[in-house]
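Shown next, in C-alpha cells, is the structure this report addresses.
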2 protein chains.
Amino acid sequence: MPKTNAKTKETEHLPEIEIFKEYIRRKGLRFTPEREIIVREIFEIHDHFDVDELYLRLRNKGKKLSKASIYRTLPLLIDCGLIQEVYHEDGHMHYEHVYGHEPHAHVRCLECRKVEEFTDHRIKEIEEHITKEFGYRLTGLRFELLGYCPDCLKKQYRP
Amino acid sequence: MPKTNAKTKETEHLPEIEIFKEYIRRKGLRFTPEREIIVREIFEIHDHFDVDELYLRLRNKGKKLSKASIYRTLPLLIDCGLIQEVYHEDGHMHYEHVYGHEPHAHVRCLECRKVEEFTDHRIKEIEEHITKEFGYRLTGLRFELLGYCPDCLKKQYRP
DNA sequence: ACGATAGTTGCATTTCTTTTACAATTACTA
DNA sequence: TAGTAATTGTAAAAGAAATGCAACTATCGT
C-alpha cells in the first residue's frame, strides 16, 4: 500500500477541474460528462492510481464509462500538467497527481512492495542546476529509490 | 538517440560475465550458451537498450536465440545487480547497465526525445539521507527529469 | 567419462495492457 | 437551433511479456 508522506499543502491553487476546463477550452476540445467524471474521480484519489483501479472505482459508483475513455483522457491530464506517469509496475502504468505537489522521491521496498514518498530540498537544487547549467526547461520529474525498508530488514527478509 | 555523459570509469571491477556466472552458481542455475551470448551482447551495448534492439543485434550477428530467452534472462541480470529497468517508453521497457556506474539522473527532452545523463553529488547525498534517517537499505535508483532541451527551446518548438 | 536429473530452450500460445477503426452520439459555436 | 467536428462505446487489433510443453542439455555424483 503506497503511503504518502510528501503531500503538499493542497491550499492556494485552482481546483484541478478548472485547470482541466481551461486546458480543454484552449485546445478547442470538448468538456464532456465522461471527462468530467474521470477527472473528478482521479482527484478524489489521494494516492497513486492505475487505469484499472480508476475504472473499478467508477463502476462501483455506478458510473458506466469505458476504459477507452479513461485511456483517452489520461494523456490530456498529463499534457495539462495535472498528473504524470510515475512508474510502470505489474505490467501497467501507475499515475500520480502533480499539480500542487512538491517534487518528491519515491522509495520502494522490493520486499513488501510499499512505496513511500520523501521530499528533499536537494531535489529542487538539482532541478535548478540542470536548468541553469544546461539550459533545459524542466516540466516534470520522476525519482525512485529502490531497496529494502527498515521493517523488512528487521524481519530478516534480507540479511 | 540517448547520449551518455555520466559513464563511470569502467576500470577496477570484475567483468560483468564473471559477476553473472557467480550469481548463476550461487543460485544453482545453469550457465548456458544462450545466457552467455545474451549477457555478452548486453555489455557490448554502451547505452540504454530494449528487448527488441537486443534481439535484432543478436540476429544480425547470426545468433539465433528466442526472445523468450531474453525475457527470461533479463530478470536474472536485474536480480544480480548488473542492469536495471530504467524507463518505460513506446510501450516497452528500456534497460541500462548499473554495475560499475555511478548513480545519475536522466534528462529527457519531450520534443526531440533525446535522453542525456547527468551526475550530481546531491543524488548520493539524498541516498545517504534516506539510508541514515529512514533506515532503508538502497539497492537502486531511477531519476528522470522531463523537459525541453536548449536546442529545442532555441528552435522555438516551445515558446 | 557417463548417466541421471533438474534446469533451460524454442515454439506456439496466452494473457494483458493500450490503441484504434467505426458508427452513433453530442458539445459547442454562430 | 442547426451544423460540424469532436467524442463515445464497442469490438477488434496491436504489441509486450509471460508461459505450457516437449525436446534438449549443463551439471554433479559416481
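Just so it is clear: chains get the letters A, B, ... in the order the sequence lines come, proteins before strands, and each one is counted from 1.
A search for side chain to side chain contact (heavy atoms under 4.5 Å, CB included) contacts involving B/E144 returns A/R142, B/Y87, B/H106, B/R108, B/L146, not counting sequence neighbours. Under the ring-ring contact (aromatic ring centres under 6.0 Å, His included) criterion, B/Y55 pairs with no residue, sequence neighbours left out. Under the rule for a side chain to side chain contact (heavy atoms under 4.5 Å, CB included), the partners of B/T131 that lie at least two apart in sequence or sit in another chain are B/L138.
Contact check, A/Y71 against C/dT19: no side-chain N or O comes under 4.0 Å of OP1 or OP2.
Remark: C1' of C/dC16 and NE2 of A/H94 are 13 Å apart, rounded to the nearest angstrom. Between the CG atom of B/D90 and the P atom of C/dT19 there is a distance of 11 Å, rounded to whole Å. A/K27 places its NZ atom 17 Å from the P atom of C/dC28, with the value rounded to the nearest Å. Per the geometry, CE belonging to A/M93 stands 14 Å off P belonging to D/dA16, to the nearest Å. With rounding to whole Å, B/H88 atom NE2 is found 14 Å from D/dG15 atom P. Atom CZ of B/R25 and atom C1' of C/dG7 are 17 Å apart (whole Å). What separates OH of A/Y55 from P of C/dT18 is a distance of 15 Å, to the nearest Å. If you measure from atom CZ of B/F20 to atom C1' of D/dA26, you get 13 Å, rounded to the nearest angstrom.
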(request) Indicate for each nucleotide in nucleotides 3-11 of chain D, in 5' to 3' sequence, whether protein heavy atoms under 4.0 Å reach the base (B), only the sugar-phosphate (S), or nothing (-). (result) -BBBSBBB-
Could you tabulate the donor-acceptor pairs under 3.5 Å formed by side-chain atoms of residues 29-37 of chain A, not counting sequence neighbours?
| unit_1 | atom_1 | unit_2 | atom_2 | d |
| --- | --- | --- | --- | --- |
| A/T32 | OG1 | A/R35 | N | 3.1 |
| A/R35 | NH1 | A/R30 | O | 2.8 |
| A/E36 | OE2 | A/R40 | NE | 2.9 |
| A/E36 | OE2 | A/R40 | NH2 | 2.8 |

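A distance-only check finds no donor-acceptor pair linking the side chain of A/H129 to the backbone of A/E127 [under 3.5 Å].
Between A/R122 and A/E125, none of the side-chain N atoms (NZ, or NE/NH1/NH2) sits under 4.0 Å from a carboxylate O, so this pair counts as no salt bridge. A salt bridge is defined here as a Lys NZ or Arg NE, NH1 or NH2 lying under 4.0 Å from an Asp or Glu carboxylate O, and B/E41 with B/K61 meets this definition.
Relative ring orientation between A/Y136 and B/F118 is described as perpendicular, the plane-to-plane angle rising above 60° on a 0-90° scale split at 30° and 60°.
The C1' atoms of five pairs define one axis at each end of the helix from C/dA1-D/dT30 to C/dA30-D/dT1, and these two axes lie 50° apart (to 10°).
Other residues, nucleotides and ligands contribute at most 12 non-hydrogen atoms within 6.0 Å of the NZ atom of A/K124.
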